[in-house]
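Worksheet: one structure, shown below.
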Amino acid sequence: MTEELSKVYEPKDVEAQAEQIWRQGRYFHADATSQSPHGTYTIVIPPPNVTAALHLGHALNNTLQDILIRFRRMQGRNTLWMPGTDHAGIATQTVVEKQLLAELGKRRTDFGRDEFLAYVQSWKDEYEIRILAQLKSMGCSCDWDRTRFTMDEICARAVREAFFKLFADGLIYRGKRLVNWDPATQTVLADDEVEHQTVQGHFWYLDYPLETPVQIDGKTIEYITVATTRPETMLGDTAVAMNPADPRAKYLVGKMVRLPIVGRIIPVIADEHVVLSDAQSDDEKAKFSTGFLKVTPAHDPDDWQIGQRHSLAVINIMAPDGSISDKFGWTDWQQIKNPDVENLIGMDRFEAREAVVEWFRQENLLAEVRPYTHDIGHSYRSHVPIEPYLSDQWYIAVKQPITNLRFTIADCRFETEKHDGVTYIKGTNVPVNSLAGLALGPLLDERLKFYPERYSKNYQNWLENLRDWPISRQLWWGHRIPVWSSGKSPKDLDPQKACIKQFQNEQGDTVYYVCTAPDCPDIERSLLQQGFVQDQDVLDTWFSSALWPFSTLGWPEETPELKTFYPTDVLCTAREIITLWVSRMVMMGQYCLGQIPFADVYIHAMIQDGQGRKMSKSLGNGIDPLVAIDSHGADAMRFTLASMTTDTQDVRMPVCEITLPDGRVVNSSTKFDNGRNFCNKLWNASRFAMMNLAGTNPDDFRPRSLDVCDRWILSRLAGAIRETTDALENFRFNEPLNQLYRFFWNDLCDWYLEWAKPRLADPAQKPVVQNVLAFVLDQTLRLLHPFVPFITEGIFGNLNQIVPSRRLPGVADAPSAPALVVAAWPSPLDELIDPVAECDISLVQNVIRAVREIRNKYNIPPAKILDCSVQAPREQAAVLSKAKELIRSLAGIGVLEIAEDLKKPNSAAAAVVDDLRIYVRDVIDSDSERRRLLKQKQFLCDGVTPLRKKLDNQAFLANAKPDVIRQTRDKLKELADQLDAVEKLLAELEE
RNA sequence: GGGCGGUUAGCUCAGUCGGCUAGAGCGCCUGCCUUACAAGCAGGAGGCCACAGGUUCGAGUCCUGUACUGCCCACCA
């Protein structure tokens with residue numbers, strides 16, 4: 001068997017082998033009907049978008065989740081890691097549209113809805129397969145049998161149910177919203193599809209005549225001047241706003257203005273949003289401002305807000321193609337129409353801009369034109385300026401109290417306050433029993449915890465300032481909104497299965513909206529027959545994501561999965577979606593099931609490149625996880641990612657180009673070398689162990705025959721078990737990995753294995769060394785498994801064949817298992833923690849290091865056997881004498897004399913280490929000796945001075961803890977003694 | 001504009017409750033192919049802990065400010 005292990009670790013072989021073991025054993029599959037005495041442990045994967053293959057951030061996130069899942073599985077929990085993907089509405093539709101445009105030169109509107117969706121579906125199929133394959137090659141131990149997709153039948157049913165419930169509870173309403181409209185392609189754009197371009201434009205200063213002139217400081221004011229970059233929108237002005245702090249405000253607010261061209265009479269209002277005019281200001285806005293702002297609620301987001309605050313009329317003057325039109329919500333057209341306005345109808349918005357400016361110029365109302373450079377949002381598709389465009393959208397009311405919730409307000413364990421009959425979360429305008437309150441409450445009473453804790457502030461701020469959630473999207477790819485509408489009242493509907501609401505449409509007519517429950521095709525048919533039409537829009541992609549922790553488990557059915565695995569345990573995700581996603585899952589989990597979907601939220605760091613930039617496609621600085629897996633192995637990648645995971649916000653990973661064997665030049669990072677080196681070391685140490693473990697028999701083990709180095713390595717192992725377990729329970733990843741790295745490499749490989757070599761050759765010691773080694777290796781593999789699952793599984797299989805039983809009778813046990821993935825997590829071995837052995841071995845190591853240093857400094861070949869004397873206080877001399885062989889074997893010593901009282905031999909090099917005086921005999925090089933000793937003298941002097949100063953300081957003696965004072969005294973004595981010894985040696989050298 | 005981080009060795013990062021002469025990996029230097037591993041072994045060099053104040057017997061650690069740097073959100077008449 002041992003011969004089969006290659007000299008260098010070959011990740012591909014081991015990965016394939018381990019993967020097969022896991023698949024055949026169905027170890028990732030969670031049984032919803034089985035009961036584990038240790039409880040359950042559940043994670044739902046943050047479903048990756050099907051837009052593209054996974055990047056390194058995904059690799060990090062999923063590595064961490066897998067570490068947690070494997071850890072808990074080994075602890076005996078009934079463990080479920082639910083995998084799946086997200087349809088990612090607009091993002092996916094956009095990439096497919098881009099592709100179709102590039103490859104076929106066609107737009108979405110050139111296809112029918114179903115035809116286009118077929119293209120998106122095939123894109124999704126392709127990427128879903130790729131993503132799941134990527135997760136598998138990373139070693140993710142998801143329950144693949146349960147893989148979900150946010151638009152599959154089960155999730156879709158949950159979406160329908162949740163929507164119906166919200167609709168029936170009156171939490172969904174029709175409201176107006178300004179969307180990013182692309183007049184060229186006539187589509188709505190998401191905020192991140194808007195490209196900001198700096199353009200050279202103008203500020204036009206337009207005079208609006210007051211209905212009646214106003215006297216200010218003895219001057220008669222007939223006009224007020226507004227400044228605008230978009231004169232054409234003035235046709236839709238419904239007010240002029242000024243800052244209440246403006247000295248002119250008291251004369252002007254409340255007065256009326258006659259809007260030029262249109263003749264509409266509009267008020268002057270006060271709003272703090274308006275920037276005061278200040279020509280000297282550094283603020284661009286203040287410099288250009290006149291103090292008067294024209295307010296066009298239908299065509300500007302800020303003006304929309306102002307309009308809301310002051311209940312202003314909203315007048316839309318544009319058609320969807322960006323031309324001036326009276327047909328799309330110009331509500332006072334009949335009253336105001338006149339030849340000047342009619343002239344403008346049909347003009348493109350830019351044409352109209354010129355015409356409007358020209359009109360003002362001819363009427364002598366154009367006060368000034370100034371050049372102005374500013375950013376304008378442009379469509380990433382057509383590259384024309386986007387138009388804020390008013391439209392009717394579906395909203396979820398997030399701050400509306402909900403009456404029929406499963407909890408009572410009295411149950412709240414956080415502070416509340418009541419006014420106007422509504423109970424609010426204290427200090428906020430968030431009702432306790434609103435959706436926002438449902439999400440915020442659990443944070444306040446600590447049912448919901450963030451790691452690192454600081455992210456809870458993000459979550460809290462967002463929820464406290466939350467506005468209603470617009471949920472409709474003018475897309476084709478997504479969950480179609482389950483609402484049918486008609487101007488006529490519906491008939492013969494079962495109120496259990498259909499909910500009817502009335503809202504006004506864009507033209508102000510009353511419309512009946514019917515939402516149907518899931519699985520009611522008969523009702524939908526009936527609605528169609530009655531002339532109802534289904535809403536064209538789809539739901540915001542976060543709507544289905546919000547249900548993910550329970551839609552994946554089969555909600556609203558009372559499935560065994562839901563009973564067993566909900567609520568889940570931890571959500572592990574990136575910080576940019578704390579608000580968009582995490583808060584909404586909590587909201588909907590509370591609303592739909594009355595329970596938060598998870599108690600812990602772990603937010604991982606963002607991986608940046610070597611220059612601190614976000615990894616992105618456009619910068620070309622991203623690293624493909626599959627490349628790292630190819631070049632270094634999945635375990636190496638995982639090791640490196642986990643070892644970088646502290647609770648910092650960002651981590652940097654220097655990126656370099658490498659050439660793969662197949663000739664591709666790709667991005668990678670030397671950081672992965674760390675992981676690969678570790679795996680190689682693990683591989684070879686295990687190989688060495690197994691070369692020597694044949695015939696190991698626990699029955700030959702006698703606790704009494706444990707050597708000090710055996711007790712030492714078991715003590716170190718016990719420490720590693722304790723700290724690794726503790727760290728993983730608290731979402732710390734790099735700490736346990738560093739700890740295991742040091743234990744495995746520095747303790748086990750550098751020392752224990754080296755000592756084991758001669759001991760294995762000694763028939764008297766061989767059984768104890770074999771049993772200890774087999775046991776320690778076994779436990780090390782278990783501790784490392786969550787981090788580097790493939791290689792540990794592979795080695796575990798070999799170990800099982802060579803040493804089927806790794807018990808230390810009377811000391812410790814390692815329950816056998818068919819595969820490491822389901823092997824028991826190491827039990828605490830605190831009784832094996834042995835401070836005496838640790839101290840003794842440290843002494844031994846110091847002697848060995850001292851001899852090695854002399855050997856190096858004197859250029860003595862490693863193979864040359866040296867004779868050595870060590871002078872030590874009685875107790876330490878006794879310890880060293882017992883460990884003579886340990887010292888001799890690793891320091892290359894022939895004769896080793898250890899005594900309490902001993903003179904420095906002639907022509908010996910000397911080392912002073914703590915209380916020890918170490919003499920390496922028959923080595924003469926007084927120059928090297930002097931250099932070494934002088935350096936040590938300097939070191940000791942540097943140490944002694946501040947300690948003396950401290951102890952001379954009365955304030956220190958008066959205030960410091962007694963322990964600290966004692967430690968300082970001890971340390972000073974220790975250093976002073978050594979300094980004496982070094983000075984003595986130097987003096988002898990001069991003789 | 002609002003919020004949240006970071007700045008420690010050439011690079012990437014640890015550093016717990018404020019307390020021993022500040023640590024690791026990579027890179028660098030010296031010597032070793034010592035039959036587990038050169039992806040390795042042994043040894044070594046390398047630090048004004050960003051800057052300026054403050055609190056304290058004592059500050060990399062706590063407080064205030066400055067500079068630089070990054071992330072998230074909002075907005076840009």
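Chain letters run A, B, ... following the sequence lines, proteins first, then strands; residues in each count from 1.
Here A:Lys757 reaches the OP1 or OP2 of B:A36: one of its side-chain N or O atoms lies under 4.0 Å away. Listed pair A:Asn677 / B:G40 meets the phosphate criterion, a side-chain N or O lying under 4.0 Å from OP1 or OP2. Put simply, A:Thr228 has no side-chain N or O that comes within less than 4.0 Å of OP1 or OP2 on B:A77. For the pair A:Lys671 and B:U12, the criterion of a side-chain N or O lying under 4.0 Å from OP1 or OP2 is not met. In this model, the phosphate group of B:A36 is not approached by any side-chain N or O of A:Asn684 to a distance below 4.0 Å at OP1 or OP2.
As judged by a 4.0 angstrom heavy-atom cut-off over every strand, A:Asp963 is placed among residues making no nucleic acid contact. At the heavy-atom level, A:Val8 lies under 4.0 Å from base atoms of the strands shown. Among the atoms of the strands shown, only primed sugar atoms or phosphate atoms (P, OP1, OP2) are found under 4.0 Å from some heavy atom of A:Lys935. Nucleic acid contact for A:Asn674: sugar-phosphate only, since backbone atoms but no base atoms lie under 4.0 Å from a heavy atom of the residue. Base engagement by A:Arg676 is indicated by at least one non-hydrogen atom pair under 4.0 Å involving a base atom. Counting non-hydrogen atoms under 4.0 angstrom, A:Cys749 reaches a base of the nucleic acid. A:Leu947 comes within 4.0 angstrom of sugar-phosphate atoms only, judged by non-hydrogen atoms across all strands, and of no base. Within 4.0 Å of A:Asp300, counting heavy atoms only, lie sugar-phosphate atoms of the nucleic acid but no base atom. The residue A:Arg855 sits apart from the nucleic acid: no heavy atom pair falls under 4.0 Å.
For B:C49 and B:G2, the P atoms lie 33 Å apart once the distance is rounded to whole Å. B:G25 and B:U21 have their C1' atoms separated by 23 Å, given to the nearest Å.
Side-chain atoms of A:Glu735 and A:Gln739 form no donor-acceptor pair, as typed in the model, at a separation below 3.5 Å.
For the pair A:Phe939 and B:U21, the ring geometry qualifies as stacking, because the centroid separation is below 5.5 Å while the planes lie within an angle under 30°.
Each of A:Gln967, A:Arg966, A:Lys961 was evaluated against A:Asp963; a single residue qualifies, A:Arg966, per the side chain to side chain donor-acceptor pair (under 3.5 Å) test.
Side-chain contact between A:His604 and A:Phe733: absent, with no pair of heavy atoms (C-beta onward) separated by less than 4.5 Å. Residues A:Arg230 and A:Glu387 have side chains in contact (heavy-atom distance under 4.5 Å, counting atoms from C-beta outward).
Helical stems in RNA chain B, defined as runs of 3 or more consecutive Watson-Crick or G-U wobble pairs with both donor-acceptor distances under 3.5 Å, are listed by first residue as B:1-7 with B:67-73, B:10-13 with B:23-26, B:28-32 with B:40-44, B:50-54 with B:62-66.
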